[in-house]
Protein chains: 2
Amino acid sequence: MPNKSAVPITLATVKAACSQCSLHELCLSEGLTKEELAKLDTLVGARRKLKRQQNLYRAGDPFEALYAVRTGFFKTDILLEDGRDQVTGFQMAGEILGMDGIGTETHTCNAVALEDSEVCVIPFAQLEQLSREIQTLQHNFHKVMSRELVRDQGLMMLLGTMRAEERLAAFLLNMSQRFTSRGYSPAEFHLRMTREEIGSYLGLKLETVSRAFSRFQEEGFIAVQQKHIRILDSDGLKKLLNHQPR
Amino acid sequence: MPNKSAVPITLATVKAACSQCSLHELCLSEGLTKEELAKLDTLVGARRKLKRQQNLYRAGDPFEALYAVRTGFFKTDILLEDGRDQVTGFQMAGEILGMDGIGTETHTCNAVALEDSEVCVIPFAQLEQLSREIQTLQHNFHKVMSRELVRDQGLMMLLGTMRAEERLAAFLLNMSQRFTSRGYSPAEFHLRMTREEIGSYLGLKLETVSRAFSRFQEEGFIAVQQKHIRILDSDGLKKLLNHQPR
DNA sequence: TGGTCGCTTTGATCCATGTCAATACGATAA
DNA sequence: TTATCGTATTGACATGGATCAAAGCGACCA
């Protein structure tokens, strides 16, 4: 067995997931002891790489595992029989995908990589088993699900009560905040999704999204160049949010 | 002691919750053994009665317990600083309230009784503990949360892609289905919420809801009399759903 | 190097739903 | 019975965003 110091790099490390992962606080492993982390590692052994546009899973696929995004960027969407579809979320490093499948043993949405990506595979039966042993893990998992519920509530609010520019402002601020909490610039980032996907997520048409971007640029809130966004006046965007007509 | 056949009524029954509850399949107790049910009963001892318009909890309240609706009818809603609010759901017998609070230890929405109601109080720490012992309970709980996520996805779809009449048709069919699965008539029911609350839930103004009701009545899909609804042609309503313009 | 293709921007017009306002209805209480 | 109040319906009009259409821009590939 190789000699181990604080954060040893060994053969095991290549496989070891959670104990070495930089996404602790976002993921399931927060607050676990070393021993508990080790157990989680054995569970989360497998990784899976996906090319841009590749499906992680599809609606109807049998549910077996959750996925933690390691690198890359995903969207989830639902497709109705009549052809309408809606993007229900965008997921980045540290976020968990697949929880929609627990209730019915079948995934209810599609998860697609928007760029080359990698996920940790978390076989669900094993996660349940381990979370019966490790209280902290159990609670972390419950928190993750609950936060997802709260996120959805926020999106309902957005879809139900906000006008187009408010929605886009909320979207940009949310992206900025999530990039920030991953150590990237709060003010400058690259959107991985198209205007159409943003529109679908926000309940708007792509033209409306494009116009709102242009408007924000005119107002000096942001600089847009295709998918590259620079936020120049985040307070300006925030003001848009609480300051609706009636 | 009164004579009873299959399900005996004893002193214990008054307190016993889950083991005697008619809402098994909707709630957390499905598939539990007698012994496991008994344990769950000790946990779910307390009940709480609410008068119409009374809050079960409010956004900002510390999170301590989940609540299973025994009788009555609730809404959950969120209130933004600027005064806008949105109803995020309506809950009826057998449904679980409060899961929004797990992630932050604080409730993020308000839960209000729309008629005199009663809930089972499920202290969350104890639920987690017991679900470490009882695998089936653990899995049931995960299923409940997951189904809530899927419900939210459906609502996003509704809010993001459907037009007013489709939304109301979907709402009525959903109500009908939920009343049905509780043993009530699929075709005739009493709405507990106002047009404004329906509108808020569906992302519409109350006038639009009212007009859609009137339209459905003209078309012969339903008979409306204030809050009393009779569905005359549920296929007609269903057709509205998949049959959108583009 | 030019051509194609996907994505984005922008303009002109239309329409579903919001807004504002008046009236009606039904329950409750006096 | 009548008064009151919350809720619901209906009408007239306004408007935000959808729709339709035409360029523009970049990336990739042949």
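Note on naming: letters A, B, ... go to the chains in the order of the sequence lines (proteins, then strands), and numbering restarts at 1 for each one. All figures in this text were calculated on a predicted structure; none of them were measured in a lab.
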Tell me: [atom1] of [X] to [atom2] of [N], nearest whole Å?
| X | N | atom1 | atom2 | value |
| --- | --- | --- | --- | --- |
| E196(A) | dA18(D) | CD | P | 12 Å |
| L202(B) | dG18(C) | CG | P | 11 Å |
| Q225(B) | dT7(D) | CD | P | 18 Å |
| K205(B) | dT9(D) | NZ | P | 17 Å |
| E207(B) | dA24(C) | CD | C1' | 15 Å |
| L206(A) | dG17(D) | CG | P | 15 Å |
| I222(B) | dA8(D) | CD1 | P | 13 Å |
| H228(A) | dT9(C) | NE2 | P | 14 Å |

Taking the six-membered ring for Trp, are the ring centroids of [X] and [Y] within less than 6.0 Å of each other?
| X | Y | result |
| --- | --- | --- |
| F63(A) | F124(A) | yes |
| F90(B) | F74(B) | no |
| Y184(A) | F189(A) | no |

- Item | S214(B) side chain near dT10(D) phosphate (N/O to OP1/OP2, under 4.0 Å) |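 It does, given that an N or O in the side chain of S214(B) lies less than 4.0 Å from OP1 or OP2 of dT10(D).
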
Determine the contact category for [X]: base if any of its heavy atoms lies under 4.0 Å from a base atom, sugar-phosphate if only primed atoms, P, OP1 or OP2 are that close, otherwise nothing.
| X | result |
| --- | --- |
| S210(A) | base |
| G199(B) | nothing |
| Q226(B) | sugar-phosphate |
| L204(B) | sugar-phosphate |

- Looking at side-chain heavy atoms only, is the closest gap between N174(A) and F179(A) below 4.5 Å?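 Not touching, per the 4.5 Å side-chain cut-off.
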
- Note the angle between the end axes of the helix from dT1(C)-dA30(D) to dA30(C)-dT1(D), five pairs defining each, rounded to 10 degrees.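 Roughly 30°, once rounded to the nearest ten degrees.
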
- Task: Examine the base of dG11(C) for any acceptor or donor lying under 3.5 Å from a partner atom in the side chain of R211(A), and report the outcome as yes or no.
- Result: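 By the distance-only test, yes, there is a pair.
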
- Task: Please collect all salt bridge (charged side-chain N to carboxylate O under 4.0 Å, His left out) contacts where either partner lies in residues 168-178 of chain B, sequence neighbours excluded, each pair once.
- Result: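 Sorted pair list: E95(B)-R178(B).
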
- Message: Nearest heavy atom decides the nucleotide; on that basis, is R167(A) or K227(B) closer to the 5' end of DNA chain D?
- Response: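 Residue closer to the 5' terminus by nearest nucleotide: K227(B).
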
- Reference residue T88(A); test side chain to side chain donor-acceptor pair (under 3.5 Å); the match among D152(A), D77(A), T76(A), T108(A):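 Only one of D152(A), D77(A), T76(A), T108(A) forms a side chain to side chain donor-acceptor pair (under 3.5 Å) with T88(A), namely T76(A).
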
- Salt-bridged, E115(B) to R52(B), with N to O below 4.0 Å?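 Not counted as a salt bridge, because no side-chain N and carboxylate O are separated by less than 4.0 Å.
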
